[in-house]
2 protein chains.
Amino acid sequence: MPVFSQSSTIKPKRAQLDRSVAGAISAQAPFERIKHYLKSGLATGVWPPGALMPSESELVAQFSVSRMTVGRAIRELQQEGLVERTQGVGTFAAELHRVSSSLTIRDIHEEIVGRGHVHRATVHLKRAERASASIAKRLDVKLNSVVFHTLLVHHENGVPLQCEDRFVNPICAPDYLSVDFTEVTPTHYLFQVAPLIEAQFSVEAGLPSSREAKLLQMSAAEPCLIVSRRTVNRDTPITFARLVHPASRYQIDSVFKPY
Amino acid sequence: MPVFSQSSTIKPKRAQLDRSVAGAISAQAPFERIKHYLKSGLATGVWPPGALMPSESELVAQFSVSRMTVGRAIRELQQEGLVERTQGVGTFAAELHRVSSSLTIRDIHEEIVGRGHVHRATVHLKRAERASASIAKRLDVKLNSVVFHTLLVHHENGVPLQCEDRFVNPICAPDYLSVDFTEVTPTHYLFQVAPLIEAQFSVEAGLPSSREAKLLQMSAAEPCLIVSRRTVNRDTPITFARLVHPASRYQIDSVFKPY
DNA sequence: TAACTATACTTGTCTAGACAACACTATGCA
DNA sequence: TGCATAGTGTTGTCTAGACAAGTATAGTTA
C-alpha cells in the first residue's frame, strides 16, 4: 500500500497530432522523441554514468530539428537529474549516486480514499487551550495565549490508522473549532483557510503515549511511525501536528525509477 | 577573443547588454527574472491558488521579451508544480493542496560527513551464504544459491547510528567480499560496480532484533526507524538492505518550500 | 620550456515569426 | 429558441539564426 508516490510524476502530455507525414509510429512531439531516445540509451547502458553524450549539434543533424528543440529535450533531462552539462565541455550521463528518491506526503483522507478504502474520523478533543512552552514556541505565540487543540483518530475500513494531535494558531483559522472534522480533515480545512508557504516535516520512530495507545487500540510497547509537521504561512505559523501510526499498520513505500 | 564583431554592419536590434554591463542589480537571465516575478506574486498572494495568471502575451509586452522566453519561464514553474496550464484557457496558480514535500534518503556516509561529523564503520559479518527463501525471492535467485551477506554498524562520532544488514547478488558484484568496508560503504561500492536502474524503499517503525540491539548498544524494547531498500539493475536485483536506526538517535527531516 | 594566442567546439540564452490545437463567445440562421 | 459557425484569445510547439560565455587544444612567441 503505497502511502507515497514517486516524484517523477509524468505529466499528462497528450499525444499531439503529428504534423509530419512520417508520424505513423510515434505521435510524440520531436522534443519528446529526442528525450525518449536519450533516456533509452541511458537505461540500456549506451552511455554509462559519466560518459560523454552526443552534442546538441550532433542531435540536430541526427533528428533534423532545430537547436532549440534539442536544447529543450536535454534541459528537461538535466532537470530530472539524468544528465549533467558543463558549458564549453559537453553533456554527460549523470552518476545516479544520490539515489534520493523523494517521497510525497499526502493528506490522510486522500491517501485512504486513493486506496479505495473507507475513511472515517472520530473526534476525541476539540477545544481552546493555553499554550504550553513547547507549543508556544512552535506556533510562535506568547506563553499561555489561547491556541486551538484537536485530537482525532483516522480509521481505514474501521481500523484505527492515525492519531492526529494538532495545535492551531487562532490568528490563521479563527473558526477552526466550529468545523465538523468528521466531514473534512483539519489538513484540508486549513489549506483552504490559510495558503501554505512552508512546511517542515520530521519522520521518526517512537512509542505511543498511553492515551494514544488506547485510542489506536494497540499495545503501549508497540513502536509507532510518527510524523511531525509544522506549516508556516509567510512568517506566521499555522499549525503543528503530531501524527502517530502503529508500526504494524503503516509504512512508507516508494519507488525510484529514473528512466 | 572577439568580444565584439566590430566590422559587422548588422546592428543588434535589441541590446542584450544587461547581463554584461548592468549586471550590478540583476545578473539574471530574462527568463529567470520572469520566473522570480511570478514566484514573488504567488508567494505574496497576488495570485491566490486558482487565480488566473497573466497570459504569455501580456508578459511578452510587460517584459519586452519574446514568447519563447516567457514560455520557458512559465513552463519551468509548471514543472515545479507552482502553476497549472490549460491549452486554450490560461495559466492558473496551483492549489498547493498536495503538499508533496519530499523526504530524501541518502547514503549514510554522505549524511554523516555532511553534518561535519566523523563516520566509522565496523564489520561484524562478511561471508557467502545459501539464500533463504525470503532472500532468494528478493534477489530473484534460486533457493540455496550462494549470496553475499554483510552486517555493518555505522558510527557517527563514535555513537552507533545504523545497523546495515545487506544481501548482495554475486552476479552483479562478484568481488563484493574482498572490499574493505571500513574504507568505502557498500552503497558506494555497489553504485560503482552496478549502475542503478530502479530502487524500492520502505520506511517503517519496528523493534530491533536482539543482535541488532546489542550491536547498536540499545535496549531491545526501544523502537527503531527501519529503512528497507532493494535496488535493481535492468531486471537483475543487485542488493537488499535493512537499515536499522535507534529512534532516539535518528529522524528524517525535510522542509517543503515551494517559492 | 613556459607563457600567450588564436581557434574550434561546446553549452546558455534570446529573437521574431509561424502554425496547430483547444476553449470560449458572439453571431447568424432555421 | 436552438444550433451551427466564425472569430478571438490562449497554450503547445517548432524554426533558423544569432550572440555570449566557457573549455580545450594546437600553434606561436618570448
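The sequence lines fix the lettering, A, B, ..., with proteins before strands; numbering per chain opens at 1.
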Partner of B/Glu56 under salt bridge (charged side-chain N to carboxylate O under 4.0 Å, His left out), chosen from B/Arg72, B/Arg75, B/Arg67: B/Arg67
Short side-chain N/O contact from A/Arg67 to OP1 or OP2 of D/dA16, under 4.0 Å: no
Per A/Gln87 side chain, nearest of listed nucleotides C/dT11, D/dT15, C/dC22: C/dT11
Short side-chain N/O contact to C/dT10 OP1/OP2 from A/Arg85, under 4.0 Å: no
Among C/dT13, C/dT11, D/dT13, the one nearest A/Ala29 by side-chain distance: D/dT13
Nucleotide of C/dA18, C/dG12, C/dT11 approaching A/Gln78 most closely (side-chain heavy atoms): C/dG12
Nearest to side-chain heavy atoms of A/Pro30, which nucleotide of D/dT13, C/dC14, C/dT11: D/dT13
Polar side chain donor-acceptor pair, B/Gln78 to B/Glu76, under 3.5 angstrom: no
Length of the CE-P vector between B/Met68 and C/dA18, whole Å: 16 Å
side-chain hydrogen bond (donor to acceptor under 3.5 Å, both in side chains) between B/Thr187 and B/Arg166, worked out: CA-CA 10 Å; B/Thr187 298; B/Arg166 181 183 294 274; 3.1 Å; yes
Residue pair B/Glu156 / B/Tyr250, side-chain donor-acceptor N/O under 3.5 Å: no
Geometric cation-pi criterion B/Arg229 and B/Phe201, 6.0 Å radius, 45° cone: no
Whichever of A/Thr69 and B/Thr86 has its nearest DNA chain D nucleotide further upstream toward 5': B/Thr86
DNA chain D contacts made by residues 54-62 of chain B, counting heavy atoms under 4.0 Å: B/Ser55, B/Glu56, B/Ser57
